[in-house]
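Basis for what follows: all heavy atoms, side chains included, without hydrogens, waters or symmetry-related copies.
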Amino acid sequence: VDEIPEHNWCRVLVNPRDLELARSSFPSAEIVPTEEISGGLKVDNQESRIIIVNSLEKRLEHLWPELLPDIFKELRLMVDENEAVI
């Protein structure tokens, strides 16, 4: 929430477990619980002319090119360690 600029947001999409936090942070907005967002939120203004997606899914999407090589490296180490044990 702290990363979202001040604005008169009309709609906020959040995971159902974050419903109360969203209500207190955006008291004048329509709060829409959705399982499609596992963490973070999506906000839009009237007529959806401005949309900000600050969800876990979007952050992972942006970081994926950086994360993938490290994930493969870790997996390779785990496989190598398991093969050494067998």
Side-chain angles (χ1 to χ4, degrees):
V1 170
D2 293 339
E3 296 171 350
I4 304 297
E6 291 287 326
H7 187 70
N8 187 22
W9 301 111
C10 293
R11 191 169 66 138
V12 179
L13 285 77
V14 295
N15 185 278
R17 73 175 179 276
D18 295 325
L19 198 56
E20 292 307 314
L21 178 60
R23 284 184 178 142
S24 65
S25 299
F26 303 95
S28 62
E30 171 192 8
I31 309 299
V32 180
T34 177
E35 294 289 338
E36 292 179 15
I37 295 178
S38 59
L41 66 150
K42 175 182 177 181
V43 296
D44 59 52
N45 71 342
Q46 194 169 5
E47 301 166 3
S48 296
R49 295 185 77 193
I50 301 172
I51 300 171
I52 296 178
V53 181
N54 190 12
S55 66
L56 175 60
E57 293 80 7
K58 188 55 77 174
R59 287 176 175 240
L60 286 173
E61 181 181 313
H62 285 287
L63 286 173
W64 194 247
E66 294 175 39
L67 294 173
L68 192 58
D70 290 335
I71 291 171
F72 276 126
K73 186 186 304 180
E74 288 296 319
L75 285 172
R76 184 77 253 165
L77 288 172
M78 291 171 64
V79 168
D80 290 345
E81 287 175 6
N82 284 337
E83 288 176 354
V85 172
I86 294 176

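Within the 4.5 Å cutoff, the side chain of N15 has no heavy atoms near those of the P33 side chain. In this structure, L13 and L41 have side chains that are not in contact, with every pair of non-hydrogen atoms separated by 4.5 Å or more. Residues L19 and I31 have side chains in contact (heavy-atom distance under 4.5 Å, counting atoms from C-beta outward).
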Identify all side-chain donor-acceptor contacts of residues 59-66 below 3.5 Å with residues at least two apart in sequence or on another chain.
| residue | atom | partner | partner atom | Å |
| --- | --- | --- | --- | --- |
| R59 | NE | N54 | OD1 | 2.9 |
| R59 | NH2 | E3 | OE1 | 2.2 |
| R59 | NH2 | E3 | OE2 | 3.2 |
| R59 | NH2 | N54 | OD1 | 3.0 |
| E61 | OE2 | K58 | NZ | 3.3 |

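Results of the side chain to side chain contact (heavy atoms under 4.5 Å, CB included) test with V43 over V12, V14, V1, I50 single out V12 as the only residue that passes.
For S28 against N8, the heavy-atom pair with the smallest separation is OG-OD1, 3.9 Å. For the pair N45 and W9, the tightest heavy-atom approach, listed with the atom from each and the gap, is N-CE3, 3.8 Å.
In the hydrophobic cluster analysis, where Ile, Leu, Val, Met, Phe, Trp and Tyr join through side-chain heavy atoms closer than 4.5 angstrom, V32 is grouped apart from V53. The cluster map of Ile, Leu, Val, Met, Phe, Trp and Tyr, joined by side-chain heavy atoms under 4.5 Å apart, puts L56 and I71 in the same cluster.
For residues 29-57, the pairs satisfying salt bridge (charged side-chain N to carboxylate O under 4.0 Å, His left out) are R11-D44, with sequence neighbours left out.
Remark: side-chain polar atoms of S25 are not paired, donor with acceptor, to backbone N or O of A22 under 3.5 angstrom.
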